[in-house]
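So the structure is just underneath, and the comments pick up after that.
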Amino acid sequence: MTIEQRIIEAVQAAVKQLYGMEADSKQVQLQKTKAEFEGHLTVVVFPFVKAARKGPEQVGQEIGEKLTELLPDVVSKFNVVKGFLNLVISDAPWISLLNQINATPQYGFKQATAESPLVMIEYSSPNTNKPLHLGHVRNNLLGSALARIVEAGGNRVVKTNIVNDRGIHICKSMLAWLKYGNGETPASSGKKGDHLIGDYYVAFDKHYRAECEALAKEYVASGMDAEAAKEKAKQEAPLIKEAHEMLVKWEQNDPEVRALWRQMNEWVYAGFDETYRMMGVSFDKIYYESETYLEGKQKVLEGLEKGLFYRREDGSVWADLTSDGLDEKLLLRSDGTSVYMTQDIGTAKLRYEDYPIDKMIYVVGNEQNYHFQVLSILLDRLGFKWGKDLVHFSYGMVELPNGKMKSREGTVVDADDLMAAMIEDAYTASADKMKTLDMPEAEAREVARMVGLGALKYFILKVDARKNMLFNPEESIDFNGNTGPFIQYTYARIQSILRKAADQGIEIPEALPTSISISEKETTLIQKLSQFPAAVAQAGTDYSPSGICNYCYELTKEFNQFYHDFTILGETNSDVRLFRLSLAKAVAKVSKLGMGLLGIEMPERM
RNA sequence: GGUCCGGUAGCUCAGUUGGAUUAGAGCAACAGCCUUCUAAGCUGUGGGUCAAGGGUUCGAAUCCCUUCCGGAUCACCA
């Protein structure tokens with residue numbers, strides 16, 4: 001039982017004895033004491049004032065006295081300021097807490113059992129016509145961090161990816177490749193497959209736009225209104241018509257089109273795999289829309305039979321959501337083909353057949369909030385038990401200083417380029433340092449990789465996911481202040497101390513004796529460490545990787561202040577030295593666990 | 001227009017289920033600290049009407065209402 005729990009129970013007992021009040025654990029508000037006041041933990045007494053029919057000061061005094069009586073080994077002193085009862089905790093409980101932290105391998109994590117809820121997390125979900133960009137990076141990092149956090153909360157987790165491998169956009173790339181490609185392959189060009197295909201997607205758009213302009217001019221010359229001419233040109237351009245024809249052929253299983261499609265997708269997947277590996281992202285199960293897009297239709301027709309949906313005169317199928325305060329939503333086109341929503345229903349069906357899911361989390365951008373609101377209602381109506389409370393983990397866009405990223409305008413930040421640039425920056429920034437550490441080149445490269453990616457990951461994850469965030473590529477990401485490298489660096493310094501201690505033959509015992517007397521700053525640090533499980537649990541229920549970032553930063557900052565004021569190896573009292581080593585070890589351990597949840601690796605030296 | 005989400009320091013962002021006379025970090029600016037376990041660090045200074053107004057109460061950046069600003073969405077696109 002933690003110190004907090006013991007105090008909460010004691011407060012409950014105290015108010016019962018003193019005022020006959022049955023306080024539930026939520027009424028006992030226990031918080032960290034502000035720095036200006038003496039004490040570690042503070043009980044807010046206002047909730048008990050009414051039952052006591054006394055002033056807050058007196059109530060605080062009475063509860064405080066009772067607590068020293070009930071928990072003599074924990075509460076050594078107390079003081080009351082206004083309605084706040086500040087408790088001073090004695091040293092021994094802190095030390096045994098530290099022992100416990102060091103003795104627990106995955107401190108703060110809950111272990112899943114066969115009965116734990118099965119949570120499926122969908123993220124990444126790329127299109128196969130272009131390489132991943134910064135927006136995808138945010139998606140992937142959030143999704144994989146979330147998966148680890150939810151897992152640490154004691155759930156079973158399945159990470160899944162739905163690849164959008166069909167549709168008009170892929171046909172555009174294919175067509176451009178046929179027309180302008182001269183048989184170029186990743187091997188012959190030396191380009192990554194996804195970049196190669198992306199280039200042809202851009203080429204298509206370039207030629208298509210040229211056609212549109214020329215056509216529009218013709219229409220205008222023949223007396224058409226400028227706007228109307230533009231619209232008509234967009235549809236009549238030969239290239240787009242060809243692309244549509246290709247899509248039809250694809251759907252008809254035309255062997256040539258399918259072969260080309262498979263070939264190009266393979267190239268793209270090889271490229272994606274490389275990007276995923278660099279990002280440290282992986283999946284347990286990948287679904288392809290080409291395999292799932294027909295599935296939803298059946299489910300929709302089933303719903304139609306049950307009277308959940310209705311058919312219009314033209315043959316299209318709709319869901320009426322007006323009773324839920326929403327609009328009517330198209331589910332099947334008049335020609336019987338699926339729309340996006342239908343596909344998501346189909347994917348849901350397949351997933352449910354593959355796994356007994358208890359909860360589904362979709363990591364998808366906030367531009368699709370409405371879509372998921374609708375999907376949730378539809379899945380619920382169709383009888384999926386997790387439909388109603390599916391989670392759309394909705395995240396904001398990444399904006400650039402001059403506005404949004406637009407692939408057409410060439411204002412995208414490419415994921416591969418970005419990661420490479422971060423690693424390169426980290427390398428140049430640390431070159432001098434590595435020399436003084438006598439680090440071999442291979443290790444320096446490895447450290448630069450961890451630090452560069454750590455900076456990027458932390459930078460993206462520390463922002464509240466649902467907010468839009470600004471990314472300035474020119475200023476790039478710095479390595480000072482509230483950053484990943486700051487936390488990595490502190491970790492590396494602690495490792496260095498631990499190595500030196502080992503060199504000096506100092507052995508840190510498994511458990512320290514609880515008789516050591518420790519200082520205020522040290523208890524603060526232990527207190528911070530003890531909040532890690534709560535931070536993990538909170539991040540799990542709030543779906544908030546940024547909460548972990550904040551925790552890791554605060555812990556690291558507090559350690560740095562401690563590190564500045566106290567010597568560890570230089571301490572002459574050997575008991576105190578062991579205690580501080582043990583404390584540093586725990587800080588390193590917890591920050592590594594926390595950063596691990598974010599997918600950030602910790603170098604042993606840097 | 002309907003719905004949803006944001007608005008906190010010059011900039012990027014924190015701020016736990018409402019809590020403490022003084023709302024926090026980092027960056028940028030300025031001033032210090034490497035003879036001391038790694039200076040990617042530490043200390044200090046300046047910088048705020050928490051968009052605006054009203055309400056709820058012992059107590060509001062936090063909850064409720066109104067207004068203003070920004071974004072997303074409301075397709076037989078995905």
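Below, read A as the first sequence line, B as the second, and so on, with proteins coming before strands; counting in each chain starts at 1.
Rounded to whole angstrom, the span from the CD1 atom of A:Ile477 across to the C1' atom of B:rC13 amounts to 14 Å. Across the protein-nucleic acid pair, A:Asn480 atom CG and B:rA25 atom C1' stand 14 Å apart, rounded to whole Å. The CG-C1' distance, from A:Leu41 to B:rG19, rounds to 16 Å in whole Å. Look at CD on A:Glu4: it is 13 Å from C1' on B:rU16, rounded to the nearest Å. Taking atom CG of A:Leu321 as the reference point, atom C1' of B:rU3 lies 13 Å away to the nearest angstrom. Whole-Å rounding puts the A:Tyr458 OH to B:rA14 C1' distance at 10 Å. Straight-line distance from the CG atom of A:Asn468 to the C1' atom of B:rC11: 17 Å, rounded to whole Å.
Comparing the P positions of B:rU43 and B:rU67 gives an interatomic distance of 46 Å, to the nearest angstrom. For the P atoms, the distance linking B:rA60 with B:rU22 amounts to 13 Å, nearest Å. Across B:rU38 and B:rU45, the matching P atoms stand 29 Å from one another, rounded to whole Å. B:rA51 and B:rA61: their P atoms are spaced 10 Å apart (whole Å). For the C1' atom pair drawn from B:rG7 and B:rU49, the interatomic distance equals 15 Å after rounding to whole Å. Atom name C1', nucleotides B:rG47 and B:rG24: the rounded distance is 14 Å, in whole Å. As rounded to the nearest Å, B:rU12 and B:rU73 have P atoms that lie 22 Å from one another. Across B:rC42 and B:rC50, the matching C1' atoms stand 29 Å from one another, rounded to whole Å.
Using a 4.0 Å heavy-atom cutoff across all strands shown, A:Met606 reaches at least one base atom of the nucleic acid. As judged by a 4.0 angstrom heavy-atom cut-off over every strand, A:Ala492 is placed among the base-contacting residues. As judged by a 4.0 angstrom heavy-atom cut-off over every strand, A:Val451 is placed among the base-contacting residues. Residue contacts shown for A:Asp464 are limited to sugar-phosphate atoms, with no base heavy atom under 4.0 Å away. Counting any heavy atom pair closer than 4.0 Å across all strands shown, A:Asp425 reaches no nucleic acid atom. Nucleic acid contact class of A:Ser430 (heavy atoms, under 4.0 Å, all strands): base.
In this structure, the ring pair (Phe, Tyr, Trp, His ring centres under 6.0 Å) partners of A:Phe459, at least two apart in sequence or on a different chain, are A:Phe471. Applying the side chain to side chain contact (heavy atoms under 4.5 Å, CB included) rule to A:Asp478 yields the partners A:Thr483; only residues at least two apart in sequence or on another chain are considered. A:Tyr288 meets the ring pair (Phe, Tyr, Trp, His ring centres under 6.0 Å) test with A:Tyr269; sequence neighbours excluded. A search for salt bridge (charged side-chain N to carboxylate O under 4.0 Å, His left out) contacts involving A:Lys500 returns nothing, not counting sequence neighbours. Qualifying salt bridge (charged side-chain N to carboxylate O under 4.0 Å, His left out) partners for A:Asp565, counting only residues two or more places apart in sequence or in other chains: A:Lys521. For the salt bridge (charged side-chain N to carboxylate O under 4.0 Å, His left out) test, residues two or more places apart in sequence or in another chain that qualify with A:Lys388 are A:Asp380. Every residue two or more places apart in sequence or in another chain that forms a ring pair (Phe, Tyr, Trp, His ring centres under 6.0 Å) with A:Phe204 is listed here: A:Tyr208. For A:His392, the ring pair (Phe, Tyr, Trp, His ring centres under 6.0 Å) partners two or more places apart in sequence, or in a different chain, are A:Phe372.
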Contact pattern, 5' to 3', of nucleotides 73-78 of chain B - B, S or - by protein heavy atom under 4.0 Å: SS-BSB

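In this structure, A:His371 has its ring center under 6.0 Å from that of A:Tyr340. Separation of the A:Tyr19 and A:Phe48 ring centroids does not fall under the 6.0 Å cut-off.
Looking at the side chain of A:Val463, the nearest of the listed nucleotides B:rG26, B:rA14, B:rU38 is B:rA14. When each of B:rG26, B:rU38, B:rA20 is scored by its nearest atom to the side-chain atoms of A:Gln31, the top-ranked nucleotide is B:rA20. Side-chain atoms of A:Arg605 lie closest to B:rU38 of the nucleotides B:rG26, B:rG71, B:rU38.
Of the residues in residues 557-580 of chain A, those placing a heavy atom less than 4.0 Å from an atom of RNA chain B are A:Lys557, A:Asn560, A:Gln561, A:Tyr563, A:His564, A:Phe566, A:Thr567, A:Ile568, A:Leu569, A:Gly570, in numerical order.
The base of B:rA20 sits with one of its N or O atoms less than 3.5 Å from a complementary donor or acceptor on the side chain of A:Thr42.
Mapped onto RNA chain B by nearest heavy atom, A:Leu326 and A:Arg493 fall at different nucleotides, with A:Leu326 at the one closer to the 5' end.
B:rA20 has A:Phe37 stacked on its base ring, the centres lying under 5.5 angstrom apart and the planes within 30 degrees of parallel. B:rG41 has no base stacking with the ring of A:Phe486 when judged by centroids under 5.5 angstrom apart and an interplanar angle below 30°. Judged by centroid separation below 5.5 Å and plane tilt below 30°, A:Tyr489 does not stack onto the base of B:rG41.
Atom CE of residue A:Met341 and atom CG of residue A:Leu375 lie 5.5 Å apart, to the nearest 0.5 angstrom.
Looking at A:Leu378 and A:Leu321, their side chains come closer than 4.5 Å, going by heavy atoms from C-beta outward.
For the pair A:Arg445 and A:Tyr427, the cation-pi criterion (under 6.0 Å, within 45° of the ring axis) is fulfilled.
Note on residues 314-326 of chain A: pairs passing salt bridge (charged side-chain N to carboxylate O under 4.0 Å, His left out), not counting sequence neighbours, are A:Asp324-A:Arg381.
Put simply, A:Lys467 has no side-chain N or O that comes within less than 4.0 Å of OP1 or OP2 on B:rG71.
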Bracket string, RNA chain B, 5' to 3' - pairs by Watson-Crick or G-U geometry under 3.5 Å, | interstrand: (((((((..((((.....[....)))).(((((.......))))).....(((((..]....))))))))))))....

